[in-house]
Participant: 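Sharing a structure here in structure tokens format.
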There are 4 protein chains.
Amino acid sequence: VKLWGGRFRKPTAPELEKLGQSIEFDRRLGLLDVRINRAYVAELRAIGLVDAAEEELITRGLTLVEEKLSASPPPKLNDEDIHTAVERLLGEAIVELGGDPSVAGKLPTGRSRNDLAASEFRLYLASAIESAVAHLLRLQRSLLDRAKTTRDELLPGYTHLRRGQPVVFAQYLLAYFWAIDRDRARFRAARGRCLSLPLGAGALAGNPFPVDRGRLAKTLGFEGVSPNSIDAVSSRDFALEFLSAAALLGTNLSRMSEDLILWASAEFGFITIDESYATGSSLMPQKQNPDGLELVRGKTGRLVGNLMSLLTTVKGLPTGYQRDLQEDKEPVFDTVDTLELVLPVMDGIVRTLGVRSDAMRAALSHDLLATDLAEHLVRKGVPFRETHEIAGRVLSLAAEKGVTPPELSLEELRQVSDAFDESVSSVWDFRASVEHRATEGGVAAKAIAQQIERAESALS
Amino acid sequence: VKLWGGRFRKPTAPELEKLGQSIEFDRRLGLLDVRINRAYVAELRAIGLVDAAEEELITRGLTLVEEKLSASPPPKLNDEDIHTAVERLLGEAIVELGGDPSVAGKLPTGRSRNDLAASEFRLYLASAIESAVAHLLRLQRSLLDRAKTTRDELLPGYTHLRRGQPVVFAQYLLAYFWAIDRDRARFRAARGRCLSLPLGAGALAGNPFPVDRGRLAKTLGFEGVSPNSIDAVSSRDFALEFLSAAALLGTNLSRMSEDLILWASAEFGFITIDESYATGSSLMPQKQNPDGLELVRGKTGRLVGNLMSLLTTVKGLPTGYQRDLQEDKEPVFDTVDTLELVLPVMDGIVRTLGVRSDAMRAALSHDLLATDLAEHLVRKGVPFRETHEIAGRVLSLAAEKGVTPPELSLEELRQVSDAFDESVSSVWDFRASVEHRATEGGVAAKAIAQQIERAESALS
Amino acid sequence: VKLWGGRFRKPTAPELEKLGQSIEFDRRLGLLDVRINRAYVAELRAIGLVDAAEEELITRGLTLVEEKLSASPPPKLNDEDIHTAVERLLGEAIVELGGDPSVAGKLPTGRSRNDLAASEFRLYLASAIESAVAHLLRLQRSLLDRAKTTRDELLPGYTHLRRGQPVVFAQYLLAYFWAIDRDRARFRAARGRCLSLPLGAGALAGNPFPVDRGRLAKTLGFEGVSPNSIDAVSSRDFALEFLSAAALLGTNLSRMSEDLILWASAEFGFITIDESYATGSSLMPQKQNPDGLELVRGKTGRLVGNLMSLLTTVKGLPTGYQRDLQEDKEPVFDTVDTLELVLPVMDGIVRTLGVRSDAMRAALSHDLLATDLAEHLVRKGVPFRETHEIAGRVLSLAAEKGVTPPELSLEELRQVSDAFDESVSSVWDFRASVEHRATEGGVAAKAIAQQIERAESALS
Amino acid sequence: VKLWGGRFRKPTAPELEKLGQSIEFDRRLGLLDVRINRAYVAELRAIGLVDAAEEELITRGLTLVEEKLSASPPPKLNDEDIHTAVERLLGEAIVELGGDPSVAGKLPTGRSRNDLAASEFRLYLASAIESAVAHLLRLQRSLLDRAKTTRDELLPGYTHLRRGQPVVFAQYLLAYFWAIDRDRARFRAARGRCLSLPLGAGALAGNPFPVDRGRLAKTLGFEGVSPNSIDAVSSRDFALEFLSAAALLGTNLSRMSEDLILWASAEFGFITIDESYATGSSLMPQKQNPDGLELVRGKTGRLVGNLMSLLTTVKGLPTGYQRDLQEDKEPVFDTVDTLELVLPVMDGIVRTLGVRSDAMRAALSHDLLATDLAEHLVRKGVPFRETHEIAGRVLSLAAEKGVTPPELSLEELRQVSDAFDESVSSVWDFRASVEHRATEGGVAAKAIAQQIERAESALS
């Protein structure tokens, strides 16, 4: 069965059938197809294009179709696409119900696969984003919970993968929290952009029957109707926006993964990845590999690839539905599935992360307080650019003498700068260093407490 | 002069100097660097780290620096980056003012290039987006103005680059309007995400002096302060979000360009591109090529490429500033410049577009009313799926007989289906076909009028 | 069953199981896994690590495994990956054969999944490329065949989608031929790069038993062995090279598709797409859409996306196998499948293309000879830059007078330039224009004949 | 001055002038434009379209143009593009030489900017690739030299960023060597594809005068002539192939960078980056950051972005020159420049790398010999899959007892498996482990020596 064969005298070439078939992937829209059909038949009834009996017959038929599609194992479908399949199944269902199958042929009145498919796809995506947002919220919750219990864990903060200044572990977890918070905001915006109903646009010129698009939108959970019939069937920027948001999330997840893989290495040793999120080697019996994190990081590739895929497909297309646009679904489905796979793993890893306070502490060496030393002199009125130089020279002196900086005598320090006095000893305290950074967003206990409050508000 | 040489005994390798130098591109942030410095010195004064005289000296020095940077031709700068250049120029300016240059060394107190550069970059981008949004608004205004005057121009609407149904030209222009409207919303959201102030995050752990970040944010025009010092210096998703929005806009502009190039071809002939937006051939004297549109379409490549560039750069980086992130600026600058180049051209082309009504009309053939024929029978109670088939057969019959469909006699039509009666003649009217599509978003005069109102609201 | 559970006390988290499972896609490597195992057991026998009876048992077991994997419908496999599955199935097969299943445990001696999987993947890809190359050859053959029969079909050659100069249709078909010829060369080079055997690299340090890697390579059809054990398990540039070659091919196919879609439109009308490669509309009964070509063009997106996916995945990874690299397979498989789908369709479309000579001819207007007019004067000694100007003015004059250029009198022409004489009338001949372009690669009959010869050589 | 104004009555819109101007970037092709012009005028002389005096005048004029373009500082050029500039400068030069400037107008006879620009671009790129290949060779030489002196440095080989098995440092350096070797082969292939001469294709239909394209090709250093005039001006796959090769190289360089950044960290401490390839922090006086490596890694982004940029631009274009193709140059130029910047830095870093043998050795712990333990039992006839399990249990036992595996008594070992005997003590030797891996490509001294020989051959 085809929905369009009327004027064709030749059969479709088998290689085109194969190339064009979308049922393998668009079957996941089946139940939404039924749902939209159900709303649409009610609308046809409202404007008198089907009568009460026909509406009931079609509606009952759709319920049967829904059951068939939901069966386990799922039915084999060899149709061109899911819309064709549902139309065929509806005809069969109506026969089963003892009705006239031609009634099924009233359903597509005034409608095209263009506006139908776009509506289903948007509905699907809005709901998939909702699920992703819920996963993101869970991950944020886990990060915040772990941040609350790690606000006293001192460790080096890194730039350029080199130890920079002492921070607390919570500050890293909260950094992730805020990145994910922005991702969540982008997902929500993308979802809003999905919820504009194309149905009623027909193939491109609108519906010639007085269906009430606003009512359809309401029934189906859309926030409004698309304002222009051509735009409704042509535009895919809603899908691109989702793919972008997911690719950006991917880069944030890749950063978290990279950190955790490093910190859990033998060389850093700051954290442990729970065994349930690691795997072993088929060759090397001693191995415990952080596969969960590696997979999360690696899947950034497909999130970016899916975005590039659809950007490339739509580039250069003229307006109006072009068959190229059939290529919109697989990248979106793959990105949706990827999010569903990676977010729970990341959440589980965060929840079960082991914190090795001693190793963190042990990585703090006194040169990490060089900035504090410089700032100590700033408080005595020396311009920072000079104190930065002085602190550098102090480190060199200590290195020369083979001692740690605190082991230098006041005399030795005063050879570098006479601004030093006995108060310098107060500098060599990692906790004090952290407590100095009390401005909003800083690592001092007070600032962290405020930040945690702000984070709680973001979740509520 | 370097801001970090203290502990280094060897000079930087010349090839690294070349690789690492950013002054060629980040000099465009010079005036913003000055502006932020000005706000920062006031803050240092407020917390007593500089006194009134020092503040005045630095502020006057910054004014001199500003003048130097604004000179024409611009000054040669061989510094490592713009922050180094401004710090050097400030020292020189203070000497010019008869002051002690070491005072300049107080300015960077508690601050790192990490939070300074991120603040400048965000401020720059927010303002660049504002400009892009203004361009988009102008383009929307032009599209809407042209739509108002072309609502009666009938032409074929296309799908698959094949004539589908009669529409009005305004509907295409409005389709572009709405696509750009969504682009504008995405740009605004990206701008909002820029306006979170990193300054005060230091290198990564926060500012050890009690600067008031909220006040700094206000003075500088930010909407708030970044909540986490590590996130503040690590995250670049604000830039990626802008690049995404621009890449999506690029695909929308490429679609408009493609349409207009096609319609302005000899083969379509629906519109004319004003000569001022065309160019000729160095070889073929007769040529008038739509170069403006081709360049707009072609530049989609760099918009997508710039996004891919930064996505790739940040992928896999650990948290904290990494020097890789210096690569954030050029793609953003290039995308900003590209938007400034292409949007005025697209706007000019739309404003000066010639509409060839006769050619549009001439492209309407009766087979474009096949859907109307099918729908005519629907109104008589025949299920659409059957009427679709019937209409197909009518076209085949006309083709066989070598006549247009309206030339078929009622008798001939009734051979195909006895649902036909004399009222069928009303079908063969292009304007009537358009008027049938009166649902919201459709092409009927009434629907177009409503849509134009909705568009006006979107602009206000 | 897992190949690595020895030291683990906790079960793998179910969400990691799901995320990490590769059996769904790597099962397509099953028969290659068997084939490599068969060669490997022979090698183990050669160095005395299995005895003759064990070798026979394993080999017979592998044959059973092969049968199971080839069964239709294919067996359910819930293992972690295909290597695990084959090892499990081998154990079961040996039991079926009455043997000791622990013998199966001798097979992975000295080997890791790292070198095994890389070997399979390379073997798979080399064979997939071979198939793609065969498709490309077929397409080239079709293009060349069609070129031979269309060397006299005059039509406008286009630049900027504007008519430029008269050419023959064969020249377009041959342009495609040469583009595909370069694609084919790139595929062949990529294939060569696949055929370097990783097996023997172990996990990363090499095989501790004296297996003869050269013999293994020969048995398995590789061209050589990888020279470095770390490189062997880390590098994926062979896959990236294939994905690049396919993305480039995609852009060439998208260009062909774009041309053919345009030329087959009502507005151009130069060619017809065979009905068997077109489809209709579910709404508009008159439609015959060039879906085959649109799908080919649209699939460029996924070819590019797959490349970007893997580029992003490998970016920033350290050396050595990382689990991220599991993401190498799906983009490659998808690109392989896409090529298998699109190339036969493109070939079919080329083979069945209808050529509408009259429409092609009708699109030739005299302004396309403006260049010839300029060149006519060049032959009389006038510098080209002037003749270009003169020809432009002739066209303007004709336009003013409302005549075609040939209709201008000699007197009128001489008002523009006194270099004109009666010989100018010879210019207005489309065929003559084509015949002038007789340099190698040009459109004159002689040049086309030479080109066709060169093309024939390229295929042999 | 424009090369195409004849038929235009309106001036070009200023915003299109700005958008379309390419002189800022294509001026780098100026000397090649002159070189091609010089060859072309000789050809025009050979076929009698210019006489000996004209040829001399033009040739002397071109020499003047060359001097002007080579001046320092370079001349301001406000022309549309470099071809226009050279044609204008040639006219001016001929006036300076006392000649008739209209003679300059004979130069573009039979030629279009389409075939001229494509020829220059290919020539430019072939030479740029040659330079990149030389850089790659130098880098390979440095890697090989360093490999020769580090073949006895034992360190852990990593997979999943976890210690796997003992290897020698040279094996890592050689792994890089081979990856770069493949990159070099890809560059060479791309260069070959550049060297097909478009000149003679005209705008698209060929040259109407009997120029000898083969002779032109020879004079200019091309390997042959493009076989098809339309293909010659349309195709950009030669540029895409280069961009692909460079993107792939980028991923290889990013891997090297990642390794070296990690190994040079305080936590690994295996190597030192020479101070001349590091930079400091403007805030933290103690910092020595591996900026050189970070920049190399970060620039992978633009290499990939440039590829994506041009792939997107060409996607969906019809055949023939389209103005979109002007966008081919900037990504290529940027990639060329990037290679020139990063390769010398990478080479310098490799040449000056410090090796910290003690730290490398110290990272070898006995669990890295777990595989050797398993293989030890294999040699006694126990199937590997069992020995893998046994070795895992030995490690667990040692962990339980709080000892290293070699500290377990034979009795304790025999509790795990009675296959153990006294020979087990030979297992606990890192050097012996390495020496076992003596198959081709392995880490044993003999295998490394062979590999180094193979590498030397690759360079000669």
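Numbers restart at 1 for each chain; the letters A, B, ... are given by sequence-line order, proteins then strands.
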Participant: Tell me, for P210(D) versus chain C, whether the close heavy atoms (under 4.5 Å) come from the side chain, the backbone, both or neither.
Facilitator: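 It is the backbone, since no side chain atom gets that close.
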Participant: What pair of heavy atoms forms the shortest contact from R213(C) to E440(D), and how long is it?
Facilitator: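 Scanning both residues completely, I find the closest heavy atoms to be NH1-O, 2.6 Å.
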Participant: Would you list the pairs meeting salt bridge (charged side-chain N to carboxylate O under 4.0 Å, His left out) in which at least one residue belongs to residues 250-259 of chain C, sequence neighbours left out?
Facilitator: E258(C)-R297(C)
Participant: Side chain from CB out, backbone as N, CA, C, O: work out which of these in V167(C) comes under 4.5 Å of a heavy atom of chain D, or both, or neither.
Facilitator: side chain
Participant: Side chain, backbone, both or neither: which part of R193(D) has a heavy atom under 4.5 Å from chain C?
Facilitator: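 Side chain only.
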Participant: With a 4.5 angstrom heavy-atom cut-off, which part of S235(C) approaches chain D: side chain, backbone, both or neither?
Facilitator: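 S235(C) touches chain D through backbone and side-chain heavy atoms alike.
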Participant: Working to the nearest 0.5 Å, report the span between CZ of R323(C) and CG of L161(D).
Facilitator: 16.0 Å
Participant: When rounded to the nearest 0.5 angstrom, what is the spacing between CG in L248(C) and CG in L307(D)?
Facilitator: 7.5 Å
Participant: For A205(D), is it the side chain, the backbone, both or neither that has a heavy atom under 4.5 Å from a heavy atom of chain C?
Facilitator: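 Looking at A205(D), backbone and side chain both touch chain C.
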Participant: Would you please test T319(C) and Y176(D) for side-chain contact (heavy atoms from CB on, under 4.5 Å) and show each step?
Facilitator: CA-CA 9 Å; T319(C) 296; Y176(D) 306 148; 3.6 Å; yes
Participant: Could you tell me which portion of N252(D) (side chain, backbone, both or neither) has an atom closer than 4.5 angstrom to a non-hydrogen atom of chain C?
Facilitator: side chain
Participant: Considering all heavy atoms of both residues, which atom of V225(D) and which atom of R454(C) are nearest to each other, and what is their separation?
Facilitator: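 Heavy atoms of V225(D) and R454(C) come nearest at O-NH2, 3.2 Å.
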Participant: Using every non-hydrogen atom in the two residues, find where G316(C) and S254(D) come nearest and quote the distance to one decimal.
Facilitator: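 The pair with the smallest heavy-atom distance is N-OG, 2.9 Å.
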Participant: Enter the distance from R437(C):CZ to S229(D):OG here, rounded to the nearest 0.5 Å.
Facilitator: 9.5 Å
Participant: Less than 4.5 Å to any heavy atom of chain D: does that hold for the side chain of N114(C), its backbone, both, or neither?
Facilitator: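 For N114(C), the side chain is the part near chain D, not the backbone.
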Participant: Under 4.0 Å between a Lys/Arg side-chain N and an Asp/Glu carboxylate O for R182(D) and E241(C)?
Facilitator: no
Participant: Would you name the heavy atoms of P208(C) and R379(D) that are closest together and state the gap between them?
Facilitator: O-NH2, 3.1 Å
Participant: Could you grab the distance from atom CG of L253(C) to atom NZ of K315(D), nearest 0.5 Å is fine?
Facilitator: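 The NZ atom of K315(D) is 12.0 Å from CG of L253(C), to the nearest 0.5 Å.
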Participant: Could you measure the distance from the CG atom of D237(D) to the CD1 atom of I180(C)? Nearest 0.5 Å is fine.
Facilitator: 9.5 Å
Participant: Let me know if S234(D) has heavy atoms under 4.5 Å from chain C in its side chain, its backbone, both or neither.
Facilitator: both
Participant: Show the numbers, then the answer: is there a side-chain contact (heavy atoms from CB on, under 4.5 Å) between T251(D) and L311(C)?
Facilitator: CA-CA 7 Å; T251(D) 62; L311(C) 280 170; 3.7 Å; yes
Participant: Using side-chain heavy atoms (C-beta onward) and a distance below 4.5 Å, is W178(C) in contact with I230(D)?
Facilitator: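 They are not in contact (no side-chain heavy atoms under 4.5 Å apart), so the answer is no.
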Participant: State the CG-CZ distance between L49(C) and F384(D), to the nearest 0.5 angstrom.
Facilitator: 12.0 Å
Participant: Just by distance, do the side chain of N228(C) and the backbone of Q171(D) share a donor-acceptor pair under 3.5 Å?
Facilitator: yes
Participant: Does any backbone or side-chain atom of T300(D) lie under 4.5 Å from a heavy atom of chain C? Answer side chain, backbone, both or neither.
Facilitator: side chain
